[in-house]
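By convention in this document, chain letters (A, B, ...) are assigned in the order of the sequence lines, proteins followed by strands, and residues within each chain are numbered from 1.
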Number of protein chains: 2
Amino acid sequence: MKSEKISELTTNRLSIYLRCLNELAAEGSKTVSSDNLAKRFHLNSAQIRKDLACFGEFGVRGVGYYVEDLRQQLTKILGLDHHHRVGIIGAGRLGTALTDYYGFRQTNFEVAALFDADREKIGTVVSDVKIYDVRDFAKIADRQGIDVAVIAVPAEYAQRVLEMIVASGIKAVMNFAPTPLLADEEIKLKTIDLTISLESLSYFLAGSGKNGKE
Amino acid sequence: MKSEKISELTTNRLSIYLRCLNELAAEGSKTVSSDNLAKRFHLNSAQIRKDLACFGEFGVRGVGYYVEDLRQQLTKILGLDHHHRVGIIGAGRLGTALTDYYGFRQTNFEVAALFDADREKIGTVVSDVKIYDVRDFAKIADRQGIDVAVIAVPAEYAQRVLEMIVASGIKAVMNFAPTPLLADEEIKLKTIDLTISLESLSYFLAGSGKNGKE
DNA sequence: ACCTGTGAAATCGTTCACAGCA
DNA sequence: TGCTGTGAACGATTTCACAGGT
């Protein structure tokens, strides 16, 4: 085990390993080797061993990893044994679609409240989640115990919304606005920029013929 | 200029530069230096010059880059001067939310058709886009000139849907199902895995106190 | 015989530093 | 003087290859 900085690339892969272990557990497998795991997605087995070695020595030489044991370890490492409450700012199409995104529930995240500036929307309910006035964000976030915020507003408001979120003491933010945001070091900000992904497809199609692959 | 392989990290940054150039052009700036661009997002100016140098010598020593010229060059390189027609498979919350996602229109992408397996949905219209039977995908895709597919179905169907898409001759695919998919080399597959992003936030909150940042 | 854990090598990406042109 | 384009240094990540445990 090494307690140095762990790269996000590594933790992202842990998510993938965990999913696979959940499947293996459901299928009744008792053990699995890194080679075996590597073949499922096409990864290198050394990478899997290295990723896991960041957190401890979970394997047994000559045998592999015990599926159930590793599953529990990864669940704990990723914090998936804790419940989180999510507030989504922006009750447009995207915000409401996310409200009942199955991935949230699956991952122990619960959408507790939506926020918008539109008078028409405030007070209404979407998928059992109430839409509040964005000006009451800090108050509601505190009252509801919200610890994760999702930014689903147009790009031009995103930075201001982020600042409001940070001011309310929330430390984990997911941003869907297609613009890079600036935040302090202690905030975990994850931007999902669909426009960049689209333009990446566009680039591929423009130069077409040449290689693709993820 | 070097015609070697260009990394996706580079083309992703081109998207960001282009956005910025569009703003600069709107503000009436005539020229901009790499140093100046670098300060807007906090990047290194050498990286910007290197990224651009992959595609040609666009700058002028002592001056910088001509905003309008570079804007047009990048638009062309990213293929944003071409129109694309999108088919979305899965007319659930996510699929329909994407249907009128503003980023599509902005980027010269047009959602031409939705596809679903649910009899109730087939034949109805969402935001002026018709929902077709997924079994007719190849036929409709061909008739409508669809060249980009979006997978917005549950994870367990995603691989099969991808194979159907590839079989119909489409080369660019965006996948929202939280599972890594396998595709041939000549297909450009971009997976946007919200579950991994969520688990990344969860990991951060679990080990909290320690550093965040994008 | 099999499989992990890990140094060492290879690859990929970023940043530095400066030559060279306007 | 100001700024680009780029080789060289640096840093991060991946892969190789094998020692060592069961």
Task: Rounded distance in Å - CD1 (Ile6(B)) to P (dC12(C)) - done: 15 Å
Task: Donor-acceptor contact present, side-chain Ser202(A) to main-chain Leu78(B), <3.5 Å - done: yes
Open item on the list: Quick check on the helix from dA1(C)-dT22(D) to dA22(C)-dT1(D): what's the angle between its two end axes, five base pairs per end, to the nearest 10°?
Closed with: 10°
TODO: Might you confirm whether atom CZ of Arg135(B) has over 12 heavy atoms from other residues, nucleotides or ligands at distances under 6.0 Å?
DONE: no
TODO: Pull out every residue in residues 23-34 of chain B that has a heavy atom closer than 4.0 Å to any atom of DNA chain D, ordered by number, or say none.
DONE: Ser33(B), Ser34(B)
Open item on the list: As an exercise, state the distance from SG of Cys20(B) to CG of Leu24(B), rounded to the nearest 0.5 Å.
Closed with: 4.5 Å
Open item on the list: For dG2(D) and Tyr65(B) - does any side-chain N or O of the residue sit under 4.0 Å from the phosphate oxygens OP1/OP2?
Closed with: no
Task: Rounded interatomic separation in angstrom, taking CD from Glu57(B) and P from dG5(D) - done: 6 Å
Open item on the list: If I take atom OH in residue Tyr66(A) and atom P in nucleotide dT22(D), what distance separates them, rounded to the nearest angstrom?
Closed with: 11 Å
TODO: Answer with yes or no after comparing the ring centroid distance for Phe58(A) and Tyr65(A) against a 6.0 Å cut-off, counting only values under it.
DONE: no
Enumerate all atom pairs, one protein N or O and one N or O from nucleotides 13-20 of chain C, separated by less than 3.5 Å.
from    : atom 1 : to       : atom 2 : distance (Å)
dT14(C) : OP1    : Arg13(B) : NH1    : 2.9
dT14(C) : OP2    : Arg13(B) : NH1    : 3.4
dT14(C) : OP2    : Arg13(B) : NH2    : 3.0
dT14(C) : OP2    : Gln47(B) : NE2    : 3.1
dT14(C) : O5'    : Gln47(B) : NE2    : 3.1
dT15(C) : O4     : Lys50(B) : NZ     : 2.8
dC16(C) : OP2    : Asn44(B) : ND2    : 3.1
dA17(C) : N6     : Arg49(B) : NH2    : 3.3
dG20(C) : N3     : Arg61(B) : NH1    : 3.4

Task: Pairs touching residues 145-167 of chain B that satisfy salt bridge (charged side-chain N to carboxylate O under 4.0 Å, His left out), sequence neighbours left out - done: none
Open item on the list: Could you tell me how far apart Leu52(B) (CG) and dT4(D) (C1') are, to the nearest whole angstrom?
Closed with: 10 Å
Task: Gap between atoms CG and P, on Asp35(A) and dT15(D) respectively (whole Å) - done: 13 Å
Task: Rounded distance in Å - CD1 (Ile48(A)) to C1' (dT4(C)) - done: 12 Å
Open item on the list: Checking His84(B) against Glu110(B): is there a side-chain donor and acceptor pair closer than 3.5 Å?
Closed with: no
- [ ] Assess the side chains of Gln73(B) and Tyr66(B): does a donor N or O sit below 3.5 Å from an acceptor N or O?
- [x] no
- [ ] Verify the distance criterion only: is there a donor paired with an acceptor across the side chains of Thr195(B) and Gln106(A) at less than 3.5 Å?
- [x] no
Open item on the list: What is the separation between atom CG on Leu70(B) and atom P on dT4(D), rounded to the nearest whole Å?
Closed with: 11 Å
Task: Where at least one partner belongs to residues 15-38 of chain A, residue pairs that pass salt bridge (charged side-chain N to carboxylate O under 4.0 Å, His left out), sequence neighbours excluded - done: Arg19(A)-Asp193(B), Asp35(A)-Lys39(A)
- [ ] If a pair satisfies salt bridge (charged side-chain N to carboxylate O under 4.0 Å, His left out) and one of its residues is in residues 73-83 of chain A, list it, with sequence neighbours excluded.
- [x] none
- [ ] For Phe41(A), look at atom CZ and say whether over 12 heavy atoms of other residues, nucleotides or ligands are found less than 6.0 Å away.
- [x] yes
